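Here's the structure, in structure tokens; my notes come after.
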Amino acid sequence: MVIVEQRYGNVLVEIVDLDRATLTEAGILKEALTKGIEEGLKKVVVDISKCEFVDSTFLGVLVNALKRVAKENGDMKLVGFKPGVRSMFELTRLFRVFDTYSTLEEAVKSFN
Amino acid sequence: MAEAEKKQSGAKILLVEDELNIAKLFEFNLKKAGFVVEIANNGTAGYELAKEVKPDLIISDIMMPETDGFEFRKLLLQDVELRKIPFVFLTAKGEEEDVLEGYDLDIQDYIIKTASTKVVIAKINAILNSHKKERAKVVAEVQQAADNMRATVVPKEFPAFEGYEIRHWHVPFENVPGGDFIDYFKFDNDNLVIILGDVMGKKWGAWYFAVAYAGYVRSAIRFALQTVQDLSPAKIISKVNESVCKDERIAEVFITLSVLIVNNKTNKVKYSGAGDLPLIYKKDKVDYILSRGLLLGFDETSEYQDHEIDLISGDELFLLTDGIMESRNPWGEQFGNEGFLKALKESPAGSDSIEVIKKVFSEHTGGKYEDDVSLIEIKRI
């Protein structure tokens, strides 16, 4: 499985188990997040710490999911980052919109 | 060689069959014929495996424990990607009821378990060939439409603007326009507006929507240009962002945008960006300016700032999208902002910068690009 889903209470966690997260897999993450959010989960963590690279389609899925949960007063946090992904987030200024953590545990705890 | 006999060696076949002996026998014969074979023993396992391996053809038994062949087929039909894969039922004796129910589920054919290997292989090859031909036809049509639309997302000609040389280099990904768009708008004799944008999430199997979004943003920019009081890229971007945020129809799309306004009387350039890559300049040194604005469509209240640069003769500015930064060499290293700056720094004085970058970039990637490649150069003569 390229996207591993876990739940900690009402926190939905999606772990992206990929070196390169691209449009090929973006659809799988999109589907998983949509399903969780439609179930009413508003606290979401996406762990992209394994990714060496995230393309703009994949990034679009993350931004869109954040927008959706934020509308419902929820939030989405990210766990990361390898240097390539870090620089992409810096260049596109996305660090300003996502709360980021270096471990999954910290990200999940931040909701409590 | 007859069409049906044309071999499709190397094609990946998913076989879903619970009887081990039959599965083994089919696997042996299919592999011998040159196919790659994946096996699952019921519909649920078959569905998971299909998602993972994306086979070229699926052959499934009907009677199976847990999820039978009909249920398996229904699962596949609900999946946008998997429903397109040719599907064949394997049946004990071709019972009429089974055949009828199967065709209601949009399958391609039936194979009777006792059919000879020759017949089975010929049927599979015929189905794969016909599917390939259909796909080739669709790709050709899409290509034709794409060729016609390319002109709408990237101007065919460079703008003439006194005192400046403005050029762009644009290579659409796999020859199909993705999300990059370029526009030039001569506001008056003294001011030229230069726009470079990238629609994110552009490859949702529907690139033509990206072309439509690009057109939408271009119209919004032109509208903003007609209504702003002073020529400020930041104000233009703010207006476009407001329109994009308010429009539910494009709520799932995010756009990076760079806007430059060049004045050829004052020789000042104003720049602002939304989630875009840095504006790179080559003056007495090579450096870049990173705008602070967020992606378009993210937040209606996002703020954008103008940056001003004075240009003297020989100075150059470069706008680019992520296709250049993200493309890799055979060892997986990205070209990156650093690669771009390095190429510029090392280019000999008086050389043609676009040609230098093209050369270094092509050497780095071996000519294999992974996204749209777009670059605009603005040079004061």
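Every heavy atom of this structure was used, including side-chain atoms; hydrogens, water molecules and symmetry mates were not. These numbers were taken from a predicted model, which means no experiment stands behind them. A note on names: the letters A, B, ... follow the listed sequences, proteins ahead of strands, and every chain is numbered from 1.
- Within 6.0 Å of atom CD in A/Glu106, more than 12 heavy atoms from other residues, nucleotides or ligands are found, so the atom counts as buried in its surroundings.
- Around atom CD of A/Glu5, more than 12 heavy atoms belonging to other residues, nucleotides or ligands sit under 6.0 Å away.
- With B/Leu294 as the fixed residue, the side-chain contact (heavy atoms from CB on, under 4.5 Å) test singles out one of A/Thr92, A/Val63, A/Val97: A/Val97.
- A distance of 6.0 Å separates NZ in B/Lys51 from CD in A/Glu31, rounded to the nearest 0.5 Å.
- With chain A as the partner, the residue from B/Asp299, B/Thr256, B/Asp276 showing the most heavy-atom pairs under 4.5 Å is B/Asp276.
- Crowding of B/Lys282 atom NZ: a count of heavy atoms from other residues, nucleotides or ligands under 6.0 Å exceeding 12.
- Within a 6.0 Å radius of NZ in B/Lys54, more than 12 heavy atoms belonging to other residues, nucleotides or ligands are found.
- The CD atom of B/Gln334 lies 6.5 Å from the OG atom of A/Ser87; values are rounded to the nearest 0.5 Å.
- Chain A forms the most heavy-atom pairs under 4.5 Å with one residue out of B/Pro278, B/Gly293, B/Gly336, and that residue is B/Gly293.
- Ranked by heavy-atom pairs shorter than 4.5 Å toward chain A, the options B/Glu52, B/Arg292, B/Glu48 are led by B/Arg292.
- Only the side chain of A/Leu66 has a heavy atom closer than 4.5 Å to any heavy atom of chain B.
- Using a 4.5 Å heavy-atom threshold, the side chains of B/Leu290 and A/Arg93 count as touching.
- In this structure, the side chain of A/Lys67 engages the main chain of B/Gly297 through a donor-acceptor pair within 3.5 Å.
- By the 6.0 Å contact criterion, OH on B/Tyr288 is open, its count of non-hydrogen atoms from other residues, nucleotides or ligands being 12 or less.
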